[in-house]
Amino acid sequence: MTHSTYLAIEGVIGVGKTTLARLLQPRFGSELLLEAFDQNPFLTDFYADRARYAFQTQLFFLLSRYRQGQSLPSLMERSRVIADYIFAKDSLFAHLNLLGDELDMYDRLYSALAEQIPQPDLVIYLRANTDVLMTRIAIRDRSYEREMDRSYIESLRQAYEQLFAHYNEA
């Protein structure tokens, strides 16, 4: 890795993105950019009633990831950067959870914001089967993930497989 390299790690919930980012950070002497998922005030409600809270949850994540993405150029001036997500994940989740006018509105906002976010130089895509993911989610025992729907995790896993089957942004 050369100076100012931007490395992102991506995959389904529970696959080990943050763990790997934290393991690589001291080895490469890099800045960590970790997704601030725990700051989303709608997340608990979303997992209880995805259809009702999807739009609010998704907009919060989009704006949070956008703010973090805006910090990338200054971080990259100082150091290498390792992130535990790519900005494009936001759209992946939106297309699983939003429909109709809400999805159309989201897509317009996402397009305007995404063009302002630097692309990683390298993306590491982590994979695991749904049984492994469900076990890891249960072991870490985050309160809002306790009632995580297996079919939702499987649909996310399939969406990630489709995304990375043709991913060529990095």
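Side-chain atoms are counted along with the backbone in the values below, which use heavy atoms only and exclude waters and symmetry mates. Everything quoted here is computed from the prediction, not taken from an experiment.
Remark: side-chain polar atoms of Ser71 are paired, donor with acceptor, to backbone N or O of Gln68 under 3.5 angstrom. Ser155 places a side-chain N or O within 3.5 Å of a backbone atom of Tyr152 that can act as its donor or acceptor partner. With Lys17 contributing its side chain and Val12 its backbone, the two residues share a donor-acceptor pair below 3.5 Å. Of the possible donor and acceptor atoms, none in the side chain of Ser64 sits under 3.5 Å from a partner among the backbone N and O of Phe37. Under a 3.5 Å cut-off, the side chain of Arg157 and the backbone N or O of Ala128 do not form any donor-acceptor pair.
Shown here is Asp101, whose CG atom has no more than 12 heavy atoms of other residues, nucleotides or ligands within 6.0 Å. Within a 6.0 Å radius of CZ in Arg27, no more than 12 heavy atoms belonging to other residues, nucleotides or ligands are found.
For the pair Tyr85 and Glu10, the tightest heavy-atom approach, listed with the atom from each and the gap, is CA-OE1, 3.3 Å.
Within the model, atoms CE of Met148 and OH of Tyr47 stand 4.0 Å from one another, a figure rounded to the nearest 0.5 Å. Rounding to the nearest 0.5 angstrom, the gap separating the CG atom in Leu126 from the CZ atom in Phe164 is 9.5 Å. Within the model, atoms CD1 of Ile86 and CG of Leu7 stand 11.5 Å from one another, a figure rounded to the nearest 0.5 Å. Of the inter-residue distances, the one linking Leu103 atom CG with Leu96 atom CG reads 10.5 Å to the nearest 0.5 angstrom.
Taking the six-membered ring for Trp and thresholds of 30 and 60 degrees, Phe87 and Tyr110 have nearly parallel ring planes, at less than 30 degrees apart.
Residues Leu109 and Leu59 form a side-chain contact, since some pair of their non-hydrogen atoms from C-beta on lies under 4.5 Å apart.
A salt bridge links Glu35 to Lys89: at least one charged side-chain nitrogen sits closer than 4.0 Å to a carboxylate oxygen.
Sorted by first and then second residue, the side-chain hydrogen bond (donor to acceptor under 3.5 Å, both in side chains) pairs involving residues 117-127 (not counting sequence neighbours) are Tyr125-Glu161, Arg127-Glu161.
Looking only at atom types and distance, the side chain of Tyr66 has no donor-acceptor partner in the side chain of Asp90 under 3.5 Å away.
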Verdict with reasoning, Asp45 to Thr57, per side chain to side chain contact (heavy atoms under 4.5 Å, CB included):
CA-CA 9 Å; Asp45 292 330; Thr57 303; over 6 Å; no
#### Entry: Phe46/Asn97 under side chain to side chain contact (heavy atoms under 4.5 Å, CB included): CA gap, chis, key distance, verdict
CA-CA 10 Å; Phe46 170 76; Asn97 294 305; 3.6 Å; yes
